[in-house]
Amino acid sequence: MIELMTNLRGRIILFAGIAGLAAAAVAQQGSIRLPADNPASQLKAGPGEAQTSRSCGLCHSLDYIVGQPRLDSAQWEAEVRKMIAVYGAPVTDVDAKTISDYLAANYGSPAAAGRR
Amino acid sequence: MGRTFTTLDRRHFLRGIGLAAVAAGAGLPGIGSRLAWAAQRNDDALISNRPLVRYPEKTDLILLTSRPPQLETPMKYFESAITPNEAFYVRYHTYPPTDIKLSTWRLRIGGNVERPLELSMEELQGRFPSASVVAVNQCSGNSRGYSSPRVFGGQWANGAMGNAEWTGVPLRDILAMAGVKAGSVEVTFRGLDRPPMPTIFNFVKSLSVARIMEDSNVLVAYRMNGQPLPVLNGFPARLVVPGWYATYWVKNLSDITVLDREFDGFWMKRAYLIPDTPCGCVEPGTVPAGTVPTSRMNVRSFITSPRDGARVGAGSAVNVKGIAFDGGQGIESVMLSWDGGETWRRVQLGRDLGNYSFREWSYAWTPPARGSYRLMVRAVNRIGESQPAAAGFNPSGYLRNVIEQIDVAAT
């Protein structure tokens with residue numbers, strides 16, 4: 001264990017050497033700058049894209065959408081309803097329908113998209 | 001739930017049932033056709049095409065989501081038992097704090113106590129003896145991306161886990177200084193992370209007073225592998241609950257509150273729930289009759305080298321190695337198969353860093369002839385718990401611990 005931690009410390013000291021004073025400052029203060037949302041996670045173009053981007057992007061990056069498995073329209077609709085009912089997303093019923101339809105058409109299962 | 005399976009999901013699902021039936025009939029894990037085993041694989045683009053990103057104090061990690069951040073540890077870091085701080089995975093439910101000054105940071109202990117405390121880092125380090133434990137921190141939803149049928153949620157591969165030496169103060173010592181009043185039931189934990197909107201619940205978790213008092217390894221940790229914690233892993237202090245899923249390991253800890261009742265907050269009563277069945281699983285498409293919060297981790301093991309799809313030399317020894325861990329009983333044995341689960345050999349266990357740690361293992365394997373080999377690994381812990389041949393399903397994609405496998409070609 002001691003040997004292991006020595007090795008580990010050795011490595012960390014090496015990193016600290018590279019990072020210089022910045023690494024030392026972190027011990028007293030945890031200041032970080034988080035990157036912007038990943039620009040590659042853009043929503044697909046289509047009816048409802050702007051509304052979806054605006055409403056969903058208020059609280060979370062859009063990779064929360066594009067990184068999801070292709071589930072069906074009922075599941076996407078339930079997800080949108082959850083965001084409103086459970087987390088209080090400020091989305092009107094009309095907008096919720098727009099968003100659900102957009103998500104099912106663009107990120108739904110092939111069968112669900114085919115029915116539209 | 002009225003779920004409509006996609007073609008792909010249905011095929012996986014049906015194969016899974018067939019496999020479960022075969023395994024149940026034989027009473028042994030690992031008896032199944034190669035086709036059936038293939039059903040557990042899931043090489044879809046959501047998992048294989050994710051970008052690497054570098055966040056503050058972190059090295060290149062796999063990006064699941066930017067805001068709140070979810071960053072996965074690449075498998076190469078699990079070739080060693082200790083996961084470097086900069087490679088440790090990141091998962092936030094709400095927005096992480098970005099500016100924490102130790103000069104003003106305080107750990108508040110309040111609620112049903114005799115003497116509410118506000119401890120500075122200097123006091124935390126100076127007024128209590130320190131303790132250390134090497135422990136695995138694993139997300140309840142680790143490997144959710146392999147769920148079949150698939151479910152919504154962070155599509156993690158296997159890298160929502162890590163193992164570190166945590167150093168800090170036993171929580172029960174802090175509570176003893178505050179003086180827990182008689183009749184106290186639970187303790188809640190809150191950090192400095194904040195929801196993007198006031199309608200969203202703060203991330204607050206709870207443990208029973210008994211859980212804390214019976215286990216000196218439950219720590220308020222201010223060091224991780226001998227260094228201050230990265231902000232995204234909980235600077236300046238986080239809760240460490242060895243053996244239990246990471247949802248309890250509240251990061252950027254600020255408030256500890258003792259309650260005279262069970263905590264009924266969202267993150268205990270409506271999230272991180274698993275079916276109240278022995279396996280924590282149900283048939284896909286059914287609703288669990290009852291649920292309980294996730295708690296102790298199940299047994300898992302991984303092959304970290306060679307990698308899936310690697311070429312090895314027929315007739316020459318290759319060092320097959322990996323890790324195994326469980327919820328704190330400790331690993332008793334690890335078995336390796338290279339014929340798709342027909343026969344199993346006991347492997348050599350590596351250094352024992354404690355019951356809560358990754359346990360390295362290795363085996364010098366000589367592929368007897370040219371051809372393709374399916375390598376599989378399963379671990380057994382000290383109370384006889386092991387890993388299932390077919391993955392159990394639950395609606396949130398938690399607790400995956402199916403026997404893992406890779407394919408290698410000997411040439």
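Order of the sequence lines sets the chain letters (A, B, ...), proteins ahead of strands, with each chain counted from 1.
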Exercise for the section: Tell me, please, which residues at least two apart from B/Ala157 pass side-chain contact (heavy atoms from CB on, under 4.5 Å). Expected result: B/Ile47, B/Arg50, B/Glu72, B/Tyr146

I'd like to know if the side chain of [X] and the backbone of [Y] have a donor-acceptor N/O pair within less than 3.5 Å.
| X | Y | result |
| --- | --- | --- |
| B/Arg144 | B/Trp156 | no |
| A/Glu49 | A/Gly46 | no |
| A/Tyr107 | A/Lys44 | yes |
| B/Arg400 | B/Ala391 | no |
| B/Asn163 | B/Ala81 | yes |

Practice task
Could you list which of residues 54-67 of chain A have a heavy atom closer than 4.5 Å to any heavy atom of chain B, in residue-number order?
Solution key: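 The residues closer than 4.5 Å to chain B, in numerical order, are A/Gly57, A/Leu58, A/Cys59, A/His60, A/Ser61, A/Asp63, A/Tyr64, A/Val66, A/Gly67.
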
Handout entry: Those residues of residues 84-93 of chain A, ordered by number, that approach chain B below 4.5 Å (heavy atom to heavy atom)
Key =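 At a heavy-atom separation under 4.5 Å, chain B is reached by A/Val86, A/Tyr87, A/Gly88, A/Ala89, A/Pro90.
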
Portion of [X] that has a non-hydrogen atom of chain A nearer than 4.5 angstrom:
| X | result |
| --- | --- |
| B/Pro195 | neither |
| B/Pro68 | both |
| B/Leu46 | side chain |
| B/Tyr95 | side chain |

Exercise for the section: Look at the rings of B/Tyr272 and B/Trp267 and say which category their plane angle falls in: under 30° parallel, 30 to 60° tilted, over 60° perpendicular. Expected result: tilted

Exercise for the section: Using the six-membered ring wherever Trp is involved, compare the ring planes of B/Phe78 and B/Phe358 and label them parallel, tilted or perpendicular (cut-offs 30° and 60°). Expected result: perpendicular

Practice task
Could you pull out all residues at least two apart from B/Arg54 that satisfy salt bridge (Lys or Arg N to Asp or Glu O under 4.0 Å)?
Solution key: B/Asp60

Could you tell me which of [options] has the largest number of non-hydrogen atom pairs under 4.5 Å with chain A?
| options | value |
| --- | --- |
| B/Pro51, B/Ser103, B/Gly153 | B/Gly153 |
| B/Met121, B/Lys101, B/Gln155 | B/Gln155 |
| B/Leu232, B/Thr199, B/Asp99, B/Thr98 | B/Thr98 |
| B/Ile200, B/Thr65, B/Ile100, B/Leu64 | B/Thr65 |

Problem - Derivation of the side chain to side chain donor-acceptor pair (under 3.5 Å) call for B/Ser120 and B/Glu122 - result: CA-CA 5 Å; B/Ser120 66; B/Glu122 204 174 51; 5.0 Å; no

Handout entry: Centroid-centroid distance, B/Trp166 to B/Phe88, less than 6.0 Å
Key =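 Centroid distance B/Trp166-B/Phe88: below 6.0 Å, so yes.
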
Exercise for the section: Answer with yes or no after comparing the ring centroid distance for A/Trp76 and A/Tyr102 against a 6.0 Å cut-off, counting only values under it. Expected result: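 No: the rings miss the under 6.0 Å criterion.
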
Exercise for the section: Show your reasoning for whether side chain to side chain donor-acceptor pair (under 3.5 Å) applies to B/Asn85 and B/Asn225. Expected result: CA-CA 7 Å; B/Asn85 291 1; B/Asn225 293 327; 2.9 Å; yes

